[in-house]
Amino acid sequence: MSFFPSLLRSYQGEPGANTEPRTADTPVTTTIPPFYQSFIDNPLVNYAALFPDGTSHPLGTLPPSLSIGIVGLGTTGCFGAQQLLLSGASVTAYELAPEPGGRLKSLVAADGTSVYELGGMRFPPVEALMYMLAEEHGYGFIPGFPDPGVYPTLIVNTKKGEKVVWDEPGKPPGRIRVINDAFAAFEAEGLTKDGRQALCSFRQMKEWLRSPDIDTRELAVPEWKKHIATFHPCTFETFIRRVFGPAHEWDVPGGESLSESDISLFGDVGFGSGGFKHLFDRSGLYIMKILLNSLEENQSTFAKRSPEGTLSPAPVQDLVRAQWGPATEAGLVSHFNTEVIDITFLKGQKKFKLTLSTTSPGPTTTATTTTTTALHDVVILTTSLRTPLMRRLASPSFSHSNNLKLFSPSVCHAILNLEVIASTKLFNLIPNSTLTAPRGYPRNILTDSVPGQVYTLDYGSATTLVALEEYKWVVGSVEIQDRTAAELHAKVLDTLVEVTKDTPYADLPGRFGTVNGGAEKDLIKIDWQLEPDFQGAFVLPRLGQDEMVDDLVYDFLKLKKKKRKKKGNVGEEEEKWSLPVFNVSDMTAHESGWVEGGLRGMVNVVTAIVDRFGGLKQPAAAPVNLMTGPVYGYGEAWDVVEMEDAEGWEEGDGQGDWTRGCTVA
Ligand SMILES: Cc1cc2nc3c(=O)[nH]c(=O)nc-3n(C[C@H](O)[C@H](O)[C@H](O)COP(=O)(O)OP(=O)(O)OC[C@H]3O[C@@H](n4cnc5c(N)ncnc54)[C@H](O)[C@@H]3O)c2cc1C
């Protein structure tokens with residue numbers, strides 16, 4: 001995702017507007033190096049330092065008899081499979097799609113080169129584990145994702161009848177400039193009251209969080225606590241009003257307060273990925289954390305590295321395919337076209353039973369479905385929170401024959417209630433004439449009419465490229481989910497005619513014709529909420545839901561929980577909580593909507609498994625030992641419960657009992 005993509009670029013000293021064509025046929029040599037920053041919710045762990053020699057070195061050792069089932073082969077599932085195999089366990093993965101990828105879903109267009117990135121598409125260098133994986137597999141990142149402001153952008157405010165071109169990165173025109181500068185000043189200077197520092201700046205906190213020294217990183221904790229005490233709970237809109245609005249409570253960052261019409265302009269047009277109004281009711285702290293965690297800095301395009309070291313744009317799904325290859329060579333057994341439809345825990349056998357539904361490949365008319373089962377000692381689910389499987393496992397009515405729930409009540413509550421947002425993207429394959437137009441010609445359009453924004457993406461061929469004609473979230477997405485790609489595209493063309501009228505760019509709509517004369521195959525629309533296997537794009541908590549995120553993030557610590565002697569039936573419910581079943585993806589991280597959230601979450605889970613069933617290489621640095629629970633507490637105090645081990649999982653038991661491998665009945 002991306003909300004403020006242009007804002008922080010100005011701090012990176014990037015060169016001025018770049019209108020040079022950059023396509024698959026004109027590879028670039030500049031790459032962007034990753035840097036490590038702990039995210040604010042977990043300042044203790046340095047995830048990059050856990051892999052000093054790269055991700056192909058194990059985090060510890062596990063018995064080969066330990067059989068682990070992974071549900072889902074997106075980037076998180078593939079990463080977990082690789083790490084657990086390296087440590088020595090036996091791993092089997094189930095993926096309902098025919099190939100690895102998940103929400104890193106790339107389609108190659110009819111021209112054979114251009115790519116439609118249906119899910120993730122811009123990757124900041126703070127995604128250090130992702131960058132490490134890419135580097136190891138022969139990929140890299142091209143700086144300067146073609147966002148508004150990075151390339152010349154026409155901004156149209158129909159309410160005021162204004163049409164301006166933004167052609168200098170980091171320096172938007174008109175009132176958008178004032179909004180941009182206000183956020184930038186907040187980031188750089190924090191908040192002052194009558195000239196005295198009231199809240200520390202994000203820039204200072206980021207510097208601390210980038211330190212290799214744990215004590216320095218921890219300096220950010222009390223400062224973020226002050227932010228929480230000041231702004232929790234508070235919607236994003238309330239945050240904007242309190243900090244920047246006419247009735248601002250502190251010295252207004254940037255020196256000029258935002259008027260009601262500025263706030264409405266920010267809601268309608270934004271200064272990055274289009275209007276922000278559909279995010280106004282979200283948790284303000286959650287949105288601002290995206291800035292604090294540097295996730296909006298230097299977002300880059302995924303690329304393939306040639307033997308000569310040059311980079312050409314590449315489908316990001318190739319990264320997941322590349323992750324899966326070596327994992328398979330290391331012994332991963334994968335079952336594609338296989339949906340896990342149920343999971344129960346067999347108390348007597350101390351194993352999880354997975355019920356699998358496998359569809360034979362081929363046309364749906366001749367496809368057959370078979371149902372089988374498989375047994376595993378440990379299960380890791382990496383699916384979206386909204387899949388039928390997750391809903392079933394979290395449902396209050398779900399229980400297996402032993403009446404054991406797989407997850408704690410708070411985790412089930414979070415799975416069922418956390419907001420997984422809708423998101424729509426519409427792409428079109430167009431001639432590359434916006435790239436070859438004169439310098440300064442707008443490649444992107446931001447308007448307060450529908451569609452809100454149009455980008456021309458530069459990962460096309462020499463003659464064609466992909467335009468992102470619509471990208472909407474939340475209600476904005478739901479409003480257009482019933483329109484066909486052709487209907488929406490027609491609306492885009494109407495809007496382009498309207499907004500470029502009486503400008504030097506009146507020929508722009510002509511540049512957005514489909515390459516194949518309106519052929520349906522050039523237009524691709526995805527509504528993530530309607531995809532049956534995902535039913536949403538990523539988590540964006542509603543106000544008051546931050547603590548549910550905590551419940552999901554720290555669930556992996558359950559294997560570490562102190563055990564208590566079982567007395568009669570007392571504690572029977574607690575006993576159920578320590579089964580080695582995990583749910584991990586970016587949707588169970590504080591950084592949902594970012595690949596790195598899922599990867600760091602998987603490291604947490606892998607260290608918990610290795611710690612419990614084998615031995616960690618760096619125990620003192622492992623998340624399972626460094627983390628003890630939420631650092632902050634965004635809502636009511638975290639309910640720390642001492643849990644009893646499930647029957648059959650007593651300390652010291654089981655190491656010799658693991659059944660090798662997985663049995664597919
Ligand atoms: C619209 C959109 C924009 C995004 N933008 C960005 C971005 O710009 N930058 C960024 O870093 N990230 C972005 N992301 C987030 C990024 O795509 C995700 O963080 C990442 O792909 C998640 O990977 P994962 O492996 O955790 O989960 P997933 O990719 O969701 O993988 C889960 C897998 O489980 C499978 N599955 C589901 N149910 C079952 C079942 N019952 N049995 C078997 N298999 C099952 C699914 O088919 C899927 O392959 C975006 C996501 C979306 C949707």
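Note that ligands are numbered from 1 as they come in the structure, with each ligand's atoms numbered from 1 the same way. Numbering of residues begins at 1 and proceeds along the displayed sequence.
S423 and Q529 share no donor-acceptor pair across their side chains, judged by distance under 3.5 Å alone. Checking N337 against T359 by side-chain atom types alone, no donor-acceptor pair falls below 3.5 Å. Side-chain atoms of E469 and H489 form a donor-acceptor pair, as typed in the model, at a separation below 3.5 Å.
Note on ligand 1: Y471 sits in its first shell, one or more heavy atoms being nearer than 4.0 Å. Not a single heavy atom of S384 sits less than 4.0 Å from an atom of ligand 1. In this structure, G598 does not count as a contact residue of ligand 1, since none of its heavy atoms falls inside 4.0 Å of the ligand.
The N/O atoms of V584, backbone and side chain alike, include none that comes under 3.5 Å of an N/O atom in ligand 1. Considering both main-chain and side-chain atoms, E596 never comes within under 3.5 Å of ligand 1 through any nitrogen or oxygen pair. Close N/O approach between E127 and ligand 1 is found [any backbone or side-chain N/O within under 3.5 Å]. Of the polar atoms of E339, none of the N or O atoms is found under 3.5 Å from an N or O of ligand 1, judged by distance alone. Looking at K425 next to ligand 1, no N or O pair under 3.5 Å apart turns up. At a 3.5 angstrom cut-off on N or O pairs, A97 does not count as close to ligand 1. The distance criterion of under 3.5 Å between nitrogen or oxygen atoms is met by G593 with respect to ligand 1.
Of the candidates L96, L599, T75, it is L96 that places a heavy atom closest to atom 39 (C) of ligand 1. In this comparison of L389, I421, V340, the heavy atom closest to atom 42 (N) of ligand 1 sits on V340. For atom 37 (C) of ligand 1, the choice among V420, T383, L356 with the nearest heavy atom turns out to be T383.
Ring-plane geometry between Y47 and Y36 is classed as tilted, the angle between the planes lying from 30 to 60 degrees on a 0 to 90 degree scale. Ring geometry for F236 against F183 counts as tilted: the plane angle lies between 30° and 60°, on a 0 to 90° scale.
For F145, no heavy-atom contact with ligand 1 is shorter than 4.0 Å. The proximity of W594 to ligand 1, defined as any non-hydrogen pair under 4.0 Å, involves the side chain as well as the backbone. Heavy atoms of A537 found under 4.0 angstrom from ligand 1 belong to the backbone as well as the side chain. Contacts between T338 and ligand 1, counted as non-hydrogen atom pairs separated by less than 4.0 Å, involve the backbone only.
Less than 4.0 angstrom separates some heavy atom of G119 from each of these atoms of ligand 1: 2 (C), 3 (C), 4 (C), 52 (C). For ligand 1 and T387, the ligand atoms under 4.0 Å from any heavy atom of the residue are 37 (C), 38 (N). Atom numbering of ligand 1 starts at 1 in the shown order; those under 4.0 Å from a heavy atom of S423 are 1 (C). Remark: ligand 1 atoms within the under-4.0 Å shell around heavy atoms of S585 are 26 (O). Heavy-atom proximity to D586, at under 4.0 Å, picks out these atoms of ligand 1: 18 (C), 19 (O), 22 (C), 26 (O). Close contacts of ligand 1 with W528, meaning ligand atoms under 4.0 Å from a residue heavy atom, involve 1 (C), 53 (C). Of all the atoms in ligand 1, the ones that sit under 4.0 Å from a non-hydrogen atom of V71 are 40 (C), 42 (N), 43 (C). Contact atoms of ligand 1 toward F123: 9 (N), 10 (C), 11 (O) (distance under 4.0 Å to a heavy atom of the residue).
Between the side chain of T607 and the main chain of N604, a donor-acceptor pair closer than 3.5 Å is present. E297 places no side-chain N or O within donor-acceptor distance of the main-chain N or O of S294, the cut-off being under 3.5 Å.
The local environment of NE2 in H137 is crowded, with over 12 non-hydrogen atoms from other residues, nucleotides or ligands closer than 6.0 Å.
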Handout entry: Stepwise side chain to side chain donor-acceptor pair (under 3.5 Å) test for H590 and D550
Key = CA-CA 8 Å; H590 288 109; D550 280 348; 2.7 Å; yes
Please lay out, stage by stage, how E470 and K425 fare under the test salt bridge (charged side-chain N to carboxylate O under 4.0 Å, His left out). CA-CA 5 Å; E470 184 61 289; K425 283 183 174 181; over 6 Å; no
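Paired with M121 under the rule side-chain contact (heavy atoms from CB on, under 4.5 Å), one option of V115, L104, L468 passes, and it is L468. Just one of T344, I343, V411 meets the side-chain contact (heavy atoms from CB on, under 4.5 Å) condition when paired with L406; it is I343.
With a 6.0 Å cutoff to the six-membered ring centre and a 45° limit on the axis angle, R600 counts as a cation-pi contact of F39.
The salt bridge (charged side-chain N to carboxylate O under 4.0 Å, His left out) analysis of residues 130-146, with sequence neighbours excluded, yields the pairs E135-R305.
When ring centroids are compared, F352 and F345 come within the 6.0 Å threshold.
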